[in-house]
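In what follows, a single structure is set out as structure tokens and then discussed.
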Amino acid sequence: VQLQASGGGLVQAGGSLRLSCAASGLSFSRMGWFRQPPGKEREFVAAIGWSGASTVYGDSVRGRFTISRDNAKNTVYLQMNSLKPEDTAVYYCALDSTGRFNPLRERTYDYWGQGTLVTVSS
């Protein structure tokens, strides 16, 4: 299984970015996004069930970020709107092959992408 995250970059506060995560080797699994701000621990951002019907968000991004997926392309997206400087982080996508455990926990996920850097300037 390989996960390839892309779409990071530099954006001004209030702007938008869309991250993509292309998965190969395993389909129809729960997917999640995490992020690690500079000097801080990795934190949960959002997760989506295999069908796309179930989503969950971290408190700090709820209402601004939207997670979605296209199973035909084996790709998960994270649309990030109203970005703030505190959203600056390396964003990681992750795959949960069982779908049985708490999607907010890092240990739930079996596979991780390489990360893509998002920088929000004030």
Side-chain angles (χ1 to χ4, degrees):
V1 176
Q2 290 188 330
L3 303 177
Q4 182 69 41
S6 62
L10 174 64
V11 63
Q12 288 189 333
S16 299
L17 276 178
R18 188 177 81 156
L19 305 183
S20 300
C21 177
S24 60
L26 191 64
S27 303
F28 303 109
S29 301
R30 182 161 63 190
M31 300 288 292
W33 286 97
F34 287 74
R35 67 184 183 186
Q36 186 165 19
K40 297 184 179 180
E41 294 186 351
R42 194 152 56 182
E43 62 182 18
F44 172 76
V45 175
I48 187 167
W50 69 270
S51 71
S54 172
T55 59
V56 61
Y57 295 91
D59 290 341
S60 61
V61 307
R62 190 176 298 112
R64 299 187 297 123
F65 291 11
T66 303
I67 189 170
S68 61
R69 66 189 300 160
D70 183 341
N71 284 340
K73 297 180 180 179
N74 251 5
T75 300
V76 174
Y77 304 98
L78 185 69
Q79 178 66 42
M80 307 185 295
N81 298 330
S82 302
L83 283 162
K84 305 174 182 179
E86 50 263 45
D87 294 318
T88 294
V90 177
Y91 284 72
Y92 298 90
C93 61
L95 184 150
D96 168 18
S97 62
T98 69
R100 293 187 294 172
F101 304 110
N102 187 339
L104 277 65
R105 295 184 181 273
E106 286 188 53
R107 66 180 65 182
T108 291
Y109 297 85
D110 312 279
Y111 303 96
W112 292 81
Q114 84 287 3
T116 185
L117 177 62
V118 173
T119 303
V120 184
S121 63
S122 57

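Please read these numbers as outputs of a predicted model, since none were measured by experiment.
Between V76 and M31 the shortest heavy-atom distance is CG2-CG, 3.4 Å. Considering every non-hydrogen atom in both G8 and L19, the closest pair reads N-CD2, 3.6 Å. Between E43 and P37 the shortest heavy-atom distance is OE2-CG, 4.4 Å. For L83 against L17, the heavy-atom pair with the smallest separation is CD1-N, 3.9 Å. The two residues R30 and I48 have their closest heavy-atom pair at CG-O, 3.2 Å. Closest approach of S82 and S16 over heavy atoms only: N-OG, 4.4 Å.
Once rounded to the nearest 0.5 Å, the distance linking OG of S122 with NZ of K84 reads 14.0 Å. Remark: T116 OG1 to R35 CZ distance equals 14.0 Å, nearest 0.5 Å. Note that the OG1 atom of T55 and the CZ atom of R69 stand 11.5 Å from one another [nearest 0.5 Å].
For CZ of R105, the number of neighbouring non-hydrogen atoms (other residues, nucleotides, ligands) closer than 6.0 Å is 12 at most.
Among residues at least two apart or in separate chains, there is no ring-ring contact (aromatic ring centres under 6.0 Å, His included) pair with a member in residues 47-82.
The closest donor-acceptor contact from the side chain of T119 to the backbone of T88 lies at 3.5 Å or more, if one exists at all. In this structure a side-chain-to-backbone donor-acceptor pair under 3.5 Å is missing from S20 to S6. In terms of modelled atom types and a separation under 3.5 Å, the side chain of Q114 and the main chain of A5 share a donor-acceptor contact.
A side-chain donor from one of D96 and T98 sits under 3.5 Å from a side-chain acceptor of the other.
Other cluster members for W112: F34, F44, V56, V90, Y92, L104, Y109, L117, joined by side-chain heavy-atom distances under 4.5 Å among Ile, Leu, Val, Met, Phe, Trp and Tyr.
No side-chain heavy atom of V1 sits less than 4.5 Å from a side-chain heavy atom of D110. For the pair M80/V118, a side-chain contact is recorded, criterion being any heavy-atom separation below 4.5 Å from C-beta on.
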